[in-house]
Structure formats: C-alpha cells, structure tokens
Amino acid sequence: MSTALETRAEVIKLARVLGTPADQLRYLERASPEDLRALREQATDRLFEGDQDRLHKLALASRLLPASIGAVISRWALGALLSARVTGLLVPSKAVDIARHLPAAFLSDIAVELDPRRAREVIERMPAWQVADVAEELTRRNEYVAMGRFVGFLGDEAISAAMTQIDDAGLLRIAFVMEGKDRLDHVVSLLPEERLAGVLHAADQGALWPEALDLLNHLGDERKGELSEIAAAEGLLDSLSEAANADGLWDLVLPVIPLMTESSRLSLARLRVVEDRDALAAILDTAGRYDLWAALLPIVDHLPAASRDIVATLAAGFDQSVLERIVGIVRDGNMWSILLPLVALGPTLQQRLVPVIAALPATDRSRVASTAGALGLVGRLGPLGSVLA
Amino acid sequence: MDFNLGASALGTELGGDPPSGLLEVLSPAELQTLADSLGAAKRRQSQALDRAIEDALHHVPFVFRGAVALVLL
C-alpha cells in the first residue's frame, strides 16, 4: 500500500476532527499514517470526554421526555455537534426513536460530528431507508470522510441502500478514507456488477486513480482480478497506468498483474506508458523494491522491441543481488524463454549475468543451454555462452 | 522554541503522551500549532454546550420543565 496515500487520507480525517481545513495540516504529511491515526483517535476521545458530566445530564434528561420532544431539543437547542456528543450516551432504542423525528439534513449534520465508535448500537439499529436518506444528503455535501467512518458499523442492507444514493466517484472517495478497509472486499461485493465499470470510469474522468488503486489494493485476489479485467475491457488501462506512473503507484499495480487473464496481461505490454524510458525505469525500480519480478517478467516478453531494448539496458545496471533474485525467479518458474531473448539484446547485461549463471547448478545451466538452443540464441548470448557450454 | 514545550503542550491537550513517531518528525512549532488546534476545538465545543443547555429548557414543554431543569442544572 502506498504510505503517501494512507497519510493523505489520515490528514483529511484529522482535519475533520479538529474543524480545520486539511490544507492547514500539510505539515503532518511527514508523519506515518499509524501515528496520525493514533493521534486522531486520541483527539476524538479527548473531545468526546470533555464536558462529559454535562453531556450525561443531557442524556439523562432525554429519558424524561417523549422522543418527539427530544428531537425538537436536539435540533433547535443542542444543534448537531452536541447531539452527536450525546448520541452515544443515550439508550440506543431512544436514540433511534428520536432520529425518526429528525429530517435527513439534520441527521447528516449529526453524522458529520459523530464518533461512530461511541454510537455503534445506535448506528446498527438505524433503518436502511433512513441511512439511505442521510447518505444522499451527505453525498450532496461531499461529506465523504463522514460517510467513510460509518461503513464499518452498518449492516449489509443499510450499506446497499446507501450505495444506491452515492455516485460512482463518491464511492471511490468514501472507500479512500473508510475506516476498517479490510471490509472493502465485502462492501464491493454488494455493488451491482454494472457499477464496477462505472466506478472505474469515474476514476478516469475525475482524476481519481489513486483512490481507485487504493481500493484495488484492499480487495481480495478474486475481486482484484475482476476489477482489472473490467478496466482492460473498458479500455481504461492507458489512463490507469499513466496515473500510476505520475503518482508513483506502481507498487499497487504490479501485484495485480498475475491476477489478470493472459489477454489482459498482453494488453499491458502495449500501453503507451511502456514506451517511456522513465516509466520503465520506475516500473523496474518498483519491481526490485517490492520483489514483484514474478509478476512483471511474463509481460517483458510482449513489450515492443524498443521497450525491450530499454529494459535490457536498465537491467544491465541492476545490483548483483537483484540480478541473482531475478535469475532465481526465472529458474523457479522456468521462465528462461522470457529472460534469454532479453539477455540477447544487451552485451553489458550478458557480462553482468556471467557470474550469476555460472553459480547455478549444472542441471540448471543445462536447462538454460537447451532453452537457448531451442530459441536459436546460442550464438547471441556473448560471454554468457561460455558458462552454458 | 523548546522541543519539550511543543510536545508538552500537545500532551496536555491530548490528556496523554502523543504518538512517539509524531514527536520525531514534527518541529516544536508544529507540535504547538497542533496543540493549539485541538485546544481551539475543545473550547468551541464547551462554549456550544453552555449555549445549548440554556436553550434546551426553552424548548421543553412546561409540564416537563421542572424535572428536566432538575437534571440539567
């Protein structure tokens, strides 16, 4: 996962807690997302614990009154902030009764200020229709952070109802700042299939690929593959890969490659971005840093000739340990037919691989030699040929 | 600014030690700014509560007002 994306999401959420524009907290982007999350939870607890005695008295007073009057007091006297503070202190059934008497606009005001952790039971008991009404209003206000905090506390029926009211771009923005992203795979499974394509088009049209890639990163393998297939079928891979390159997010893209079908993987090799030397360097650098060679190697075979030349040149500059790692993966996956044509392109790469190949057991070198023979490359491997003999 | 002052101000506002990683990456002035932001948020909330409790009683029907006032005040 891109730490920069996690940090950005946490700064946005902390800004909401402090009532401060996120831009004014830019200095926090040097902190880790874990520290920012811990800070946000401490700050939230502090705010909710402040004035606790008076808030408890308000909750107690509400027991004396009918729900309809509680709603009037909530709306016209307490306001959204204090109603949110009191919600978690109310008897849950009473809170839900009061909520029934409140309009979606005011409930949305409360939702923005509420700490869902402190009102779990109230949220769980809210009827799906009312959750949907609030989601519609919060979407209209672009309150994605607020909605993202609730997803983990809502049942499937309420989530499904809410998602019908949220546009595709909104779903991406909510998923980005959502608490408990381990639930994202299940949440996405509740979406009708046709909306998945819509979500990806929203990423394309709204410059939301970082959000979409973050979402992808939190899905299970099966759904990752499904979404990447949709992206390929919808002709969105060029847009996706250019955004990944611009934002340095190859670490989120490369692990998905093995989950794609053969034809979609081949389409990756024809993207505009792989014709760019800097982009290829970034891809290879990411593969090295995150050990994603097994995902990347099968594509190399299908790159345009000019791109393969660039890859061979770049690979010649790899550290010895990286070359050893690549050769190890090639050996384990018997991918010599992919690596050898690439090696044939670069004399420097051939020279660099001599000690690595020479260190392989004889049986492996024999396999390399026979593959080279089958591909007609024996005479084109330069100094490497001598260690294969 | 003394590093400890910024960290201490933030700790006071949080009611406990701030995350240690934060102290490593933020300057004393930034820690102080963060503490000020949290302090301001707490003050806003407390002032709103004062106003709300005063207002609440005006919305309570006469028959309930005595009992509610007893609880609130």
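Note on naming: letters A, B, ... go to the chains in the order of the sequence lines (proteins, then strands), and numbering restarts at 1 for each one.
- Heavy atoms of A:Ile69 lying under 4.5 Å from chain B belong exclusively to its side chain.
- Atom CZ of A:Arg120 has 12 or fewer heavy atoms from other residues, nucleotides or ligands within 6.0 Å.
- Summarising the local packing, CG of B:Asp17 is surrounded by 12 or fewer heavy atoms from other residues, nucleotides or ligands at distances under 6.0 Å.
- Contact detail for A:Arg54 and B:Ser46: the closest heavy-atom pair is NH2-OG, 3.4 Å.
- Note on A:Thr20, A:Leu65, A:Leu60: by heavy-atom pairs under 4.5 Å with chain B, the leading option is A:Leu65.
- If you tally non-hydrogen atom pairs under 4.5 Å between each of B:Ala40, B:Gly16, B:Pro61 and chain A, the highest count goes to B:Pro61.
- With hydrogens and angles ignored, the 3.5 Å screen pairs no side-chain donor or acceptor of B:Gln45 with any backbone N or O of A:Phe48.
- Checked against B:Leu38 for a side chain to side chain contact (heavy atoms under 4.5 Å, CB included), the options A:Leu18, A:Leu14, A:Val17 give a single hit: A:Leu18.
- A salt bridge is absent between B:Lys42 and A:Asp51; no separation between the charged side-chain nitrogens and carboxylate oxygens falls under 4.0 Å.
- When A:Leu58, A:Leu55, A:Leu47 are compared by the number of non-hydrogen pairs under 4.5 Å with chain B, A:Leu47 comes out ahead.
- A 4.5 Å side-chain heavy-atom check between B:Pro19 and A:Glu34 finds every atom pair outside the cut-off.
- In plain terms, the two heavy atoms of A:Ala77 and B:His59 that are nearest each other are CB-CD2, 3.7 Å.
- Residues B:Val25 and A:Asp35 have side chains not in contact (no heavy-atom distance under 4.5 Å, counting atoms from C-beta outward).
- Heavy atoms closer than 4.5 Å to chain B are found in the side chain of A:Leu82, but not in its backbone.
- For B:Asp50, the parts lying under 4.5 angstrom from a heavy atom of chain A are both the backbone and the side chain.
- Using a 4.5 Å cut-off between heavy atoms, A:Leu81 contacts chain B through its side chain alone, with no backbone atom that close.
- Residue contact with chain B, scored on non-hydrogen atoms closer than 4.5 Å, is absent for A:Arg63.
- Between A:Asp45 and B:Leu14, the closest side-chain pair of non-hydrogen atoms is not below 4.5 Å.
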